[in-house]
Amino acid sequence: MTTSLQALLAFARREMDPLDARLLLQHATGLSHGEVIADPQRVIGESEIKLFNFLVARRMRGEPVSRIIGAREFYGREFLVTPAVLDPRPDTETLIDEALMLMGQAPRILDLGAGSGAIIITLLAERADALAVAVDISEDALAVASANASALGVASRLSFIQGDWFSAVVGRFDLIISNPPYIVAATIATLEPEVREFDPRLALDGGADGLGAYRQIAAGAMAHLATGGHVIVEIGAGQENDVAAIFASAGFVLVSTRRDLGGHIRCLSFCGQSQN
């Protein structure tokens with residue numbers, strides 16, 4: 001049995017978002033976006049049809065497309081994602097925009113809870129003069145980040161540390177950046193299945209009030225922040241006042257906020273009032 005690209009897309013689009021359908025078709029056939037558009041009547045063989053139908057069935061059961069194809073686009077680049085890492089979201093791109101605005105020349109950057117490496121690798125790709133250290137407690141996550149760094153050509157400027165926040169970090173940095181877990185533990189069971197069932201709990205669970213990671217970052221950041229440096233963190237919707245208070249109690253001043261595509265304050269930037 002054979003059929004055309006156009007027919008397969010029409011079938012899948014009745015069941016799901018058109019972009020999801022196209023990405024799954026490209027993955028099943030090995031074709032690029034341009035090839036799919038240029039030749040919609042291209043005949044697809046039986047083995048590719050079976051694979052496509054299998055991928056569609058997975059998507060219809062709620063599995064995110066990025067998990068199915070093992071990749072996610074972030075800030076215009078493709079990143080490997082596995083079950084060991086959080087699926088990078090477009091809202092996190094607000095951290096990139098904020099960091100690029102605040103960084104000076106030849107910055108040293110520390111990424112806490114690096115996961116796939118989407119944040120730190122993007123910053124290194126955007127700033128050829130930057131050097132960085134990525135920290136994660138998960139060895140599997142660091143392996144994913146290392147693979148992404150190599151694939152995107154920044155591995156020579158990025159070092160990796162396995163550890164819990166600042167526990168194994170040495171030195172000072174011009175920028176400390178983090179997208180930490182910030183979901184209230186008791187509410188994780190109520191999240192959308194695409195998040196609850198496929199993102200690692202370690203990357204979601206912010207403790208009893210969702211603020212545990214911010215307390216740890218604020219407590220350790222001053223000792224590792226260079227003079228004139230900044231700390232940038234992603235936050236959950238409505239957490240801005242609580243997180244700002246945590247950092248203020250640790251000697252930091254809120255410099256700016258940035259909203260995500262949905263209009264929520266998603267990013268907070270701080271500088272130090274005093275540094276040890």
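Reckoned from all heavy atoms, side chains included, excluding hydrogens, waters and symmetry mates. Quantities reported herein were computed from a predicted structural model and do not represent experimental measurements.
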V195 and V81: same hydrophobic cluster, using ILVMFWY side-chain contacts below 4.5 Å?
-> no
To the nearest 0.5 angstrom, please state how far the CD atom of E93 sits from the CG atom of L261.
-> 7.5 Å
Straight-line distance of L131 CG to R157 CZ, nearest 0.5 Å = 7.0 Å
Ignoring hydrogens and angles, tell me if any N or O in the side chain of S32 forms a donor-acceptor pair with the backbone of E35 under 3.5 Å.
-> yes
Check: D199 side chain, D87 main-chain N or O, donor-acceptor pair, under 3.5 Å = yes
Going only through I, L, V, M, F, W and Y residues with side-chain contacts under 4.5 Å, is there a path from F198 to L80?
-> no
Given the rule that I, L, V, M, F, W and Y join up when any side-chain heavy atoms are under 4.5 Å apart, are L102 and L100 in one cluster?
-> yes
Can you check side-chain contact (heavy atoms from CB on, under 4.5 Å) on F247 and I217, steps first, answer last?
-> CA-CA 9 Å; F247 276 85; I217 293 170; 4.0 Å; yes
Distance-only, no hydrogens or angles: does the R59 side chain make a donor-acceptor pair with backbone N or O of E63 under 3.5 Å?
-> yes
Ring geometry between F74 and F79 (parallel below 30°, tilted from 30 to 60°, perpendicular above 60°) | perpendicular
Does any N or O in the side chain of H224 come within less than 3.5 Å of the main-chain N or O of R172, such that one atom is a donor and the other an acceptor?
-> no
Residue pairs fulfilling salt bridge (Lys or Arg N to Asp or Glu O under 4.0 Å) with at least one residue in residues 242-263, sequence neighbours excluded | E98-R258, D260-R266
Does the D136 side chain pair with the main chain of L142, one donor and one acceptor, at a distance under 3.5 Å?
-> no
When the ring planes of F252 and F270 are compared, do they come out parallel, tilted or perpendicular, using 30° and 60° as the limits?
-> perpendicular
So do the side chains of W165 and S178 get within less than 4.5 Å of each other, counting heavy atoms only?
-> yes
